[in-house]
Structures are given as C-alpha cells and as structure tokens.
Amino acid sequence: MKRIAIIGFGSAGFAALMAIRKADPRAEVVIVDPKPFDLMHPCGIPYALEGIVPVEGLYQDVALQSMGATRIKARAKRIDRARKLVIAEGPEGAHDVSYDTAIITTGYSPFVPPLKNIERSLGRGLHTLASVDDLVSITQKTKGIESAIVIGGGAIGLEAAVALKRHAGTVTLLEMREQLLPGVLDKDLSELVEKHLAEEGVSSRCGTAVEEVLGDDGFQGVVAGGERLEAGLCVLAAGFRANITLAKESDIDTEPLGIVVDSNLRTSDPDVYAAGDCVAAVSVVDGKKTPAKLATAAYKQGTVAGFNACGAGIAYRGTAGTFVTKVGELEVAGTGYNTETATRNGFAPAPGKIKSRLLPDYFPGGGEIIMKMIVDKNSGKILGAQAVGEGAAARINLVSMALEFGIGLDDLGRLEMAYCPAVSEVYDPLLRAVDFAARRVKR
C-alpha cells in the first residue's frame, strides 16, 4: 500500500487528496498541517471584513477521517529525503512522518516590504490580510476609526479598501505602480476601476510609494510620495511570496518565484511533488515563468500532483492567470497577458476593445461591459483578455478556455453563444471584441 504525505492543506492540498482518492483509493494519506481546522478560505476574508459573510463561514470541515486520511496537527520543518521522513513539530511534540511520495503544498506568505519603521506598527494597527487572525485584529481596530490606509492596489487591496469604507470615514489606497491591478489590466481599464472606487468613497493614489511608517507605539500613518498621511488603521496588501522555507530546508531546488518543478510538478527530488502558490508557475500562453498566485490554479496543480504521486504521469501546461474580483458592485476580470506583459515577453500585442450594453437597446435594464481582447498582430495568437462590468467573468472564462486548449482567434469567433433579449445581445460583446481584434491582425 502506497503512503503519500501531503504537507500543507489549502486549495492545492485538498485537490491533491481528492485526486489521490480517485487514482488509488487504497493509498494511505497523511496530511501534515498546523491549522486547528481542516480548511480556511482566505479569498473570503475581505468580504468578511465588509460584513457580507460571517467569519465562521470561512472555515470548512471536510471530514478527512471519512475520506481515509490522517491529519497530524504540526508544522513540517524539513524533509529527510534520504530516510523519506517529514520532520514536523506540533502541540503534541515532534513527529517523523514516513512517506513513499510527498506533495508540498505550503502555499504563500504575505509580503511585508522593508519600509522604514514598519516593525513598530506591524500587528499594532498595521496588518496583513491573509488569515482569520488578521481579520479579527483589523475588525477590533475598526471600532470608532475615522480614517484608514490600504497599501497595495491588487485584488486584496481593492477589496479591503471597499470593506474598510463600511467602517471608516476616509479610506486612502496607495499603489506604487502607475495603475491599479498592474499585470492584470491595461491602464485604460484600470482607470475605470479607479473611478468606481472613487464612487465607493475610496481615494486612490497610484504612482505613490510608501517611504515610512509613522508611530512609535502603534500605527499612526505613513509618509507616501513625500506627504504625511495620518490614519488609525492600515491594511498591508503588498502581495504574496511563495512559501519555500520547507523546500529550502530540505535542499529542494527553489527560485525567487517558488519551488522549481517540471511539467509533472515533480521537484528536484523525484519522490517529492509540489503544487499551489509555493511553486514557480509557468504561463499557458508561452510557458514562461509567471508570478500568478491564484486558488484556481492551485487547485488544478494539486489535482495533477495528486494523480502523479500515484504514478499517472499527467502534464501540467501552465496557468492562464484567470482572475476575477468584485469591487463594490463592479465585476473585474482578466486572463492571460495584458499589453505590458505581452510586450515584455516578446509579442506584438494588438487590442480589440469594445463597450457594449448587455441587453438590446429596446429591452429595459441590463448593465454595460467593456471587453478587451489582446492578440499578437503578427500571428493572431490570443494572448489574453480583460473585462469590466456585468458578466465580465463569464466571458473571460471562455477566453481562458481558448488559452488552455490553444483555440485561435478565428475559431473562438465561431462560438455560438446562448441568446435571449432578457439575458444578452444576439451579437455578444465577447464576439464583438474578437471580431474587432481580428481586424488588427496582419493577414
């Protein structure tokens, strides 16, 4: 009977377990994870801060025992690869967990930039937003708060800013890059998001780097762009970094973006796989390394690693980086490369951008969507897409499928989409954007 150790238990670890149970129901599975609960859903944390979902709803018991898995509540310190042991420590002491095959799914750690005096305020008014403990600490600080600051204009930063506006009179979001959602949207679409944030009462300052954190006894504000900004609370959403500590301690190859894996998600040790946010992922567009850290990609990787740990030999082609967030009532989605990333990776991107109502002009109601296809003007290869507005995710998901399966621009344009005037236009905005992009391609 094969014994498989899963180290860490989030989206990738859970997916790996499900795959193992399908591939080899008799395999012995041991999960090494320090959490006092089975799963926690970090993507829901900003919405819990906003009050949309209850905190307890973020936890999930997946009945591991009934799935034939044993969980050891401990943190893995290193892997003794020669003896095939996971060395772990927990409340009940040390554990030596034997394995035939191991899967590392240790996830990510929130990035804390080396700002001047940041250590004085971290956890004392300045908080990351990556755990329920963070959420509880921030919620306690929101009582009677007049002003708050968010550092970082990615998805977590935007969601946190809208959430904090429910508690504070003034919320200022600071992003060091020249736009919100850098790497996901082009600047023209990010400006729509910035405008919507303003309508939500959040002030965005792009191209504004934080230079110093103020406060000798807790957070009092920041110096950003040479200006002193005072506030009683700060959410630090400066991104995530792959948690590669275990791999490093185990002499498994790593790089800045994560654990090095091959197309089967095998590490430099042939008996150890890795999946999720801890790995150095590649893009499905061209196979180049990408910093994308998404739960959906982690789940897919976990599935591949789980099957392969049982001997399947399935190849993982990469992530499309398919993304969606909801900023207040505004839906924002993207997949593949934006114009900047496509250019940096050697393509000649040409956009096909349209703005459309979702319903026919004669039909009441319905919102608007801005849809943008990014294609290579020389080859016609689809590189990515972005959408802002109602129905953004549904259309971006179709482009993500095209990227995953290598569907070309002309073939995507052949897609027959469901139509009803109460639901959509007969000439769907996605197809309009595809047709417009096709005109930009050299024939």
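One-based numbering along the sequence shown.
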### Query
Relative to the ring of Phe9, is the ring of Phe14 parallel (under 30°), tilted (30 to 60°) or perpendicular (over 60°)?
perpendicular

### Task
Taking atom types as modelled, find out whether Tyr427 and Arg432 have a side-chain donor-acceptor pair closer than 3.5 angstrom.
no

### Message
Would you say Tyr337 and Asp286 are linked by a side-chain donor-acceptor pair, where the criterion is simply a distance under 3.5 Å?
### Response
yes

### Task
Please report the shortest heavy-atom distance between Met40 and Lys35, naming the atom on each side.
N-CE, 4.4 Å

### Message
Go through it in stages, so that I can follow the logic: the residues are Asp271 and Thr101, the test is side-chain hydrogen bond (donor to acceptor under 3.5 Å, both in side chains), and I'd like the CA-CA distance, side-chain angles, deciding distance and then a yes or no.
### Response
CA-CA 5 Å; Asp271 293 318; Thr101 307; 5.2 Å; no

### Query
So does Arg78 pair up with Glu249, basic N to acidic O under 4.0 Å?
no

## Note on the structure
side-chain hydrogen bond (donor to acceptor under 3.5 Å, both in side chains) with Thr335: of Thr322, Thr319, Asn397, only one passes, and it is Thr322

### Message
Filter on ring-ring contact (aromatic ring centres under 6.0 Å, His included), then keep only pairs touching residues 51-99, sequence neighbours left out; what's left?
### Response
Phe37-Tyr59

### Task
Would you check if there is a donor-acceptor pair between the side chains of Glu425 and Tyr419 at a distance under 3.5 Å?
no

### Query
Which atom names give the shortest non-hydrogen contact between Met373 and Ala385, and what distance separates them?
SD-CB, 3.9 Å

### Query
Between Glu404 and Lys300, is there a salt bridge with N-O shorter than 4.0 Å?
yes

### Query
Between the side chains of Arg81 and Ser250, is a donor N or O closer than 3.5 angstrom to an acceptor N or O?
no

